[in-house]
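The block underneath contains the structure these notes are about, expressed in structure tokens.
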Number of protein chains: 2
Amino acid sequence: MSSTRILILGTLLDGPLHGYEVRRRLELWGASQWANVAFGSIYHGLAKMAEEGLLTVVEQGKGGKTVYELTADGRLEFQRRLLTSWWEVQPIVDPFQVALTFMNRLAPADLVVAMEARAEQLRAAISMTERAIGGKQAFGAPRHVDECLRLNAAQLTAQLAWVSEAIGRVKDGELP
Amino acid sequence: MSSTRILILGTLLDGPLHGYEVRRRLELWGASQWANVAFGSIYHGLAKMAEEGLLTVVEQGKGGKTVYELTADGRLEFQRRLLTSWWEVQPIVDPFQVALTFMNRLAPADLVVAMEARAEQLRAAISMTERAIGGKQAFGAPRHVDECLRLNAAQLTAQLAWVSEAIGRVKDGELP
DNA sequence: ACGTGATCATTCAAATTTGTATATAAATTT
DNA sequence: AAATTTATATACAAATTTGAATGATCACGT
């Protein structure tokens with residue numbers, strides 16, 4: 001289950017918007033980091049949900065601009081999806097798991113070099129994320145988007161801890 | 001960038017396989033948790049990569065069974081993708097970020113209830129993951145797949161830490 | 001008023017993913 | 001040994017995602 005739909009519905013809660021603006025809000029919330037919200041997906045999602053009655057077209061635009069608004073059904077659908085987001089623990093998808101899966105396919109020496117480089121990059125990513133905390137309110141983002149950053153930083157820190165520990169074990173020949 | 005292709009290539013490293021068996025191996029490695037490896041994706045990926053010369057059809061089957069083998073190009077492509085997996089830090093995609101993004105759309109009381117339930121589920125998921133460590137070698141999985149489980153447990157623990165701390169802040173009215 | 005680069009806004013074909021339907025072989029029950 | 005269930009194996013239509021292409025509009029110096 002992808003998150004495109006709930007994200008689109010969520011941007012429309014406070015009033016009608018057109019596709020480009022939907023995308024801009026999501027960008028501001030950092031959603032482009034962890035969701036499929038390329039323009040194509042947005043426009044497709046909007047058109048599809050309008051077809052299904054979750055949205056209505058408010059202003060079919062002169063010049064082509066199309067503005068969408070939530071219907072009552074759309075609001076219900078948002079609430080439904082929001083509740084399942086909170087109640088159902090869904091797997092974390094981390095592309096680094098792929099690297100791990102095939103760690104035995106890299107020569108140990110290369111592996112150690114890659115791991116050390118990754119540890120360095122992770123430290124940079126973590127401090128960058130932490131510095132970003134608090135910086136988005138200026139552009140109209142609600143305060144709690146910082147929590148997304150905090151959680152992300154915590155998960156990157158967990159990855160860093162794994163890498164740091166594993167470097168030693170690879171050097172000792174315990175891994176892979 | 002999805003991980004379907006590298007996963008398929010990786011299963012074929014040690015010898016030709018047909019689609020169903022590719023899927024079985026991935027399942028064993030736990031990849032179905034964090035990647036798009038439904039049968040449809042596998043068969044499509046196999047056919048596409050064969051078309052592109054990364055694979056060849058070894059045994060066009062009586063009864064329909066089609067066995068694929070890596071070509072030299074396919075091996076190179078795997079190595080290329082493996083290196084980028086290790087060297088490029090890519091964002092962690094956690095569906096829970098969606099829930100966080102919209103935490104202000106739930107009544108605080110409901111929010112606290114959902115968070116407490118989630119903390120409970122996370123504790124269960126973590127201990128289940130930890131118990132699974134070491135259990136897959138019996139079925140032929142290489143030892144280092146345990147590392148995927150360890151990393152996953154660490155990331156879930158990070159999420160649990162966030163939730164536990166945030167419950168207090170919601171009760172105090174600091175969030176959202 | 002005129003070009004020109006940046007931002008705004010959408011469309012579209014191609015690639016991928018999902019989910020279900022289908023078909024056959026193997027094991028199990030009756 | 002026929003019937004039924006389970007596991008193996010693939011195919012396919014529908015939905016979604018990607019990424020590039022296309023225009024329109026706006027700011028700004030000349």
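Quick note on labels: first sequence line is chain A, next is B, and so on, each numbered from 1.
- For the side-chain hydrogen bond (donor to acceptor under 3.5 Å, both in side chains) condition, the pairs that include at least one residue of residues 69-82 of chain B, sequence neighbours left out, are B:Glu77-B:Arg80, B:Glu77-B:Arg81.
- Applying a 4.0 Å cut-off to non-hydrogen atoms, the residues of residues 18-28 of chain B that approach DNA chain D are B:His18, B:Gly19, B:Tyr20, B:Arg24, listed by residue number.
- Looking only at side-chain heavy atoms (C-beta outward), B:Ile6 and A:Phe102 come within less than 4.5 Å of each other.
- With a 4.5 Å cut-off on side-chain heavy atoms, A:Val163 and A:Glu116 do not count as touching.
- Of the candidate nucleotides D:dT17, C:dT17, C:dT10, C:dT10 has the atom nearest to the side chain of A:Thr66.
- In this structure, A:Ser2 contributes its side chain and A:Thr4 its backbone to a donor-acceptor pair below 3.5 Å.
- Here D:dT16 is the nucleotide among D:dT10, D:dT16, C:dA15 with the atom lying nearest to any side-chain atom of A:Lys48.
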List, one per line, each side-chain donor-acceptor pair under 3.5 Å for residues 28-51 of chain A, sequence neighbours excluded.
residue	atom	partner	partner atom	Å
A:Ser32	OG	A:Glu27	OE1	3.1
A:Trp34	NE1	A:Gly30	O	3.3
A:Tyr43	OH	A:Tyr20	N	3.3

Discussion item. Show, in sequence, the C-alpha distance, side-chain angles and deciding distance for A:Phe96 and B:Trp86, and conclude whether the ring pair (Phe, Tyr, Trp, His ring centres under 6.0 Å) test is met.
Written reply: CA-CA 7 Å; A:Phe96 182 51; B:Trp86 275 97; 5.3 Å; yes
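- Residue B:Ser2 has a polar side-chain atom (N or O) positioned under 4.0 Å from OP1 or OP2 of C:dT17.
- At a non-hydrogen distance threshold of 4.0 Å, nothing from residues 74-90 of chain B comes into contact with DNA chain D.
- To the nearest 0.5 angstrom, B:Ile126 atom CD1 is 8.5 Å from B:Arg123 atom CZ.
- Between A:Ile167 atom CD1 and A:Arg118 atom CZ the span is 11.0 Å, to the nearest 0.5 Å.
- If you take NZ of A:Lys65 and C1' of D:dC26, they are 12 Å apart, rounded to a whole angstrom.
- Taking only side-chain nitrogens and oxygens, B:Tyr43 never comes nearer than 4.0 Å to OP1 or OP2 of D:dA11.
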Could you pull out the protein-nucleic contacts involving nucleotides 18-20 of chain D (nitrogen or oxygen on both sides, under 3.5 Å)?
residue	atom	partner	partner atom	Å
D:dT18	OP1	A:Asn36	OD1	3.2

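- When rounded to the nearest whole Å, the span between CG of B:Leu7 and P of C:dT17 equals 11 Å.
- The list of side-chain hydrogen bond (donor to acceptor under 3.5 Å, both in side chains) pairs with a residue in residues 140-149 of chain B, not counting sequence neighbours, reads A:Asn104-B:His144, A:Trp162-B:Glu147, A:Arg169-B:Glu147, B:Gln137-B:Asp146, B:Glu147-B:Arg150.
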